[in-house]
Amino acid sequence: MSSLKVNRIIKNYGDKTAVNGLSFEVSEGEIYGLLGANGAGKTTTMRMVLGLILPDEGDIRYLGKPYGQEQLRMLGYLPEERGMYPKIKVSDQIIYLAQLRGMSRKDAEQNLKRWLEKFQVPEYYNKKVEELSKGNQQKIQFIAAVIHNPKILILDEAFSGLDPVNVELLKTTVKELRDAGTSIVFSTHRMEHVEELCRNITIMHKSNPVLQGSIKDIKKKFPQERVVVASDGDITGLESVAGVNGVFRHEHGGYELKVSAPEAGQRILQHALSQGPITRFEIMEPTLNEIFIKTVGENHE
């Protein structure tokens, strides 16, 4: 049974359709990617999953059951915008929020201390939120989302405002939650994070789901249009190889070629080898960023 099943949900605001016939399922221990440009319908979808608004049509099931008080306690949410009260202590806020989700004060306090230790910031227990940097505020907000051990977690731009070290820390934490069985809906504009964390995705465009499935299967539907080749010296004449539409020299050495079909790769390889040994050759699969742009168009904002 899927932890979360969204079945043909529709949400209208007056004569505007915000979400139109969206369906997807998230298994136990899966990170599911929900992607789309601003205004595509992602936020409305997340609000419906959280029970903040109800779909006009379709339904949402949590471990096979409709939304209710029991389901409310199994949900966690990290919004894109920071929502912590700046002048209230971290411990007071998070323990209170955990109690709203059904935890005892004792368990909430233990969980909070454990999470602060994990994030190497135990001294924040008695600090006010406004005393923390933006990145550390994001850590605290993340803790607020998971303090009650939710079975289903909604993450909206979870790594926003974090430096690379803390992005890695939070990514590792998200993977640990996944491996422990948490079902996660992950929304972000950073496609490289989606490629690393998600197995299945939905891309939305103007309220409609336009591309769905596993990233692996989706990539097979799009042509391989780039070849990377490098050697210790220069490689001349690459632009004259049949099937090559463009050649770009990388600053750090090597060449990236835009090709009309993957078959051109073998001709490129033979041409490069005729001038000496090569140190790298790869026919590149399309990135999720390229697929996103092709699917929703470059002028999607």
Side-chain angles (χ1 to χ4, degrees), residues 3-4 6 24 26 29-36 38 40-53 60 62 71-86 88 90-91 93-103 108 111-112 114-116 118-119 121 124 129-130 132-194 196-198 201-202:
S3 294
L4 176 66
V6 175
F24 64 88
V26 186
E30 177 185 3
I31 304 173
Y32 191 99
L34 184 63
L35 312 177
N38 295 333
K42 304 187 305 299
T43 299
T44 300
T45 298
M46 288 185 279
R47 286 174 177 167
M48 285 190 280
V49 169
L50 291 163
L52 299 174
I53 55 176
I60 302 172
Y62 311 81
Q71 282 64 47
L72 176 63
R73 293 182 176 183
M74 72 169 62
L75 294 170
Y77 177 43
L78 176 66
E80 180 177 5
E81 301 296 330
R82 292 178 180 85
M84 306 294 287
Y85 293 101
I88 298 177
V90 165
S91 55
Q93 289 195 66
I94 293 185
I95 290 171
Y96 174 70
L97 291 170
Q99 288 177 295
L100 288 179
R101 298 291 193 179
M103 290 192 84
N111 254 14
L112 173 57
R114 180 174 62 83
W115 275 105
L116 291 174
K118 180 178 181 63
F119 286 166
V121 288
Y124 291 174
V129 171
E130 67 182 1
L132 310 181
S133 68
K134 288 184 178 180
N136 284 322
Q137 287 180 24
Q138 184 74 348
K139 284 185 188 177
I140 297 305
Q141 189 146 296
F142 181 90
I143 294 173
V146 299
I147 188 72
H148 59 294
N149 305 316
K151 291 184 172 64
I152 299 170
L153 180 61
I154 313 298
L155 300 178
D156 189 4
E157 296 292 348
F159 310 135
S160 173
L162 296 176
D163 61 59
V165 172
N166 282 314
V167 167
E168 289 304 313
L169 174 63
L170 234 63
K171 276 199 294 189
T172 299
T173 302
V174 169
K175 290 175 183 176
E176 290 171 354
L177 290 169
R178 173 200 64 194
D179 294 344
T182 306
S183 301
I184 300 169
V185 178
F186 181 72
S187 181
T188 182
H189 289 96
R190 298 290 298 274
M191 297 299 160
E192 68 274 18
H193 293 159
V194 177
E196 180 179 349
L197 295 171
C198 302
I201 63 169
T202 289

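This chain uses plain numbering: 1 for the first residue, then up along the sequence. Values in this document were obtained by computation on a predicted structure and should not be read as measured data.
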query = Between T173 and F119, is a side-chain contact (heavy atoms from CB on, under 4.5 Å) present by the stated rule, with each step listed?
reply = CA-CA 9 Å; T173 302; F119 286 166; 3.5 Å; yes
Gap between atom [atom2] of [Y] and atom [atom1] of [X] - 0.5 Å precision:
| X | Y | atom1 | atom2 | value |
| --- | --- | --- | --- | --- |
| N149 | L177 | CG | CG | 9.0 Å |
| L100 | H148 | CG | NE2 | 10.5 Å |
| D163 | K134 | CG | NZ | 14.0 Å |
| Y77 | D156 | OH | CG | 5.0 Å |
| L52 | M46 | CG | CE | 11.0 Å |
| S160 | L155 | OG | CG | 12.5 Å |

Give me the atom names and distance for the closest heavy-atom approach of [X] to [Y].
| X | Y | result |
| --- | --- | --- |
| A145 | L153 | O-CD1, 3.9 Å |
| V185 | L4 | CG2-CD2, 3.8 Å |
| M84 | I94 | CE-CG1, 4.1 Å |
| V49 | L75 | O-CD1, 3.8 Å |
| R178 | L197 | NH1-O, 4.1 Å |
| Y62 | M74 | CB-SD, 4.1 Å |

key: Exceeds 12 heavy-atom contacts within 6.0 angstrom, atom CZ of R47   =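 No - once you tally the heavy atoms of other residues, nucleotides and ligands closer than 6.0 Å, there are 12 at most.
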Exceeds 12 heavy-atom contacts within 6.0 angstrom, atom NZ of K171 = yes
ask   = Is it true that E157 and K42 have a side-chain N and a carboxylate O under 4.0 angstrom from each other?
value =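 Salt bridge: no.
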task = Dump the intermediate steps for side-chain contact (heavy atoms from CB on, under 4.5 Å) on L35 and M191, then the final yes or no.
result = CA-CA 9 Å; L35 312 177; M191 297 299 160; 3.9 Å; yes
Any non-hydrogen side-chain atom of [X] less than 4.5 Å from a side-chain atom of [Y]?
| X | Y | answer |
| --- | --- | --- |
| E196 | K175 | yes |
| V129 | Y85 | no |
| L112 | I147 | yes |
| L169 | T172 | no |

ask   = Between S183 and Y32, does any side-chain donor sit less than 3.5 Å from a side-chain acceptor?
value = no
message = Checking the side chain of Q99 only, and the main-chain atoms of A108 only, is there a donor and an acceptor separated by less than 3.5 Å?
response = no
ask   = Short question: side chain of Q138, backbone of A158 - any donor-acceptor pair under 3.5 Å?
value =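 Confirmed, Q138 side chain pairs with A158 backbone.
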request  = Report the C-alpha distance between K139 and L132 in whole Å, list the side-chain angles of each, state the deciding distance to 0.1 Å, and finish with yes or no for side-chain contact (heavy atoms from CB on, under 4.5 Å).
outcome  = CA-CA 10 Å; K139 284 185 188 177; L132 310 181; over 6 Å; no
task = Hey, can you tell me if W115 and F142 have their rings parallel, tilted or perpendicular (30° and 60° cut-offs)?
result = perpendicular
request  = On the 0 to 90° scale, with breaks at 30° and 60°, tag the F159-H193 ring pair as parallel, tilted or perpendicular.
outcome  =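 Perpendicular: the ring planes of F159 and H193 meet at over 60°.
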inquiry  = Show, in sequence, the C-alpha distance, side-chain angles and deciding distance for L116 and I140, and conclude whether the side-chain contact (heavy atoms from CB on, under 4.5 Å) test is met.
reply    = CA-CA 8 Å; L116 291 174; I140 297 305; 3.8 Å; yes
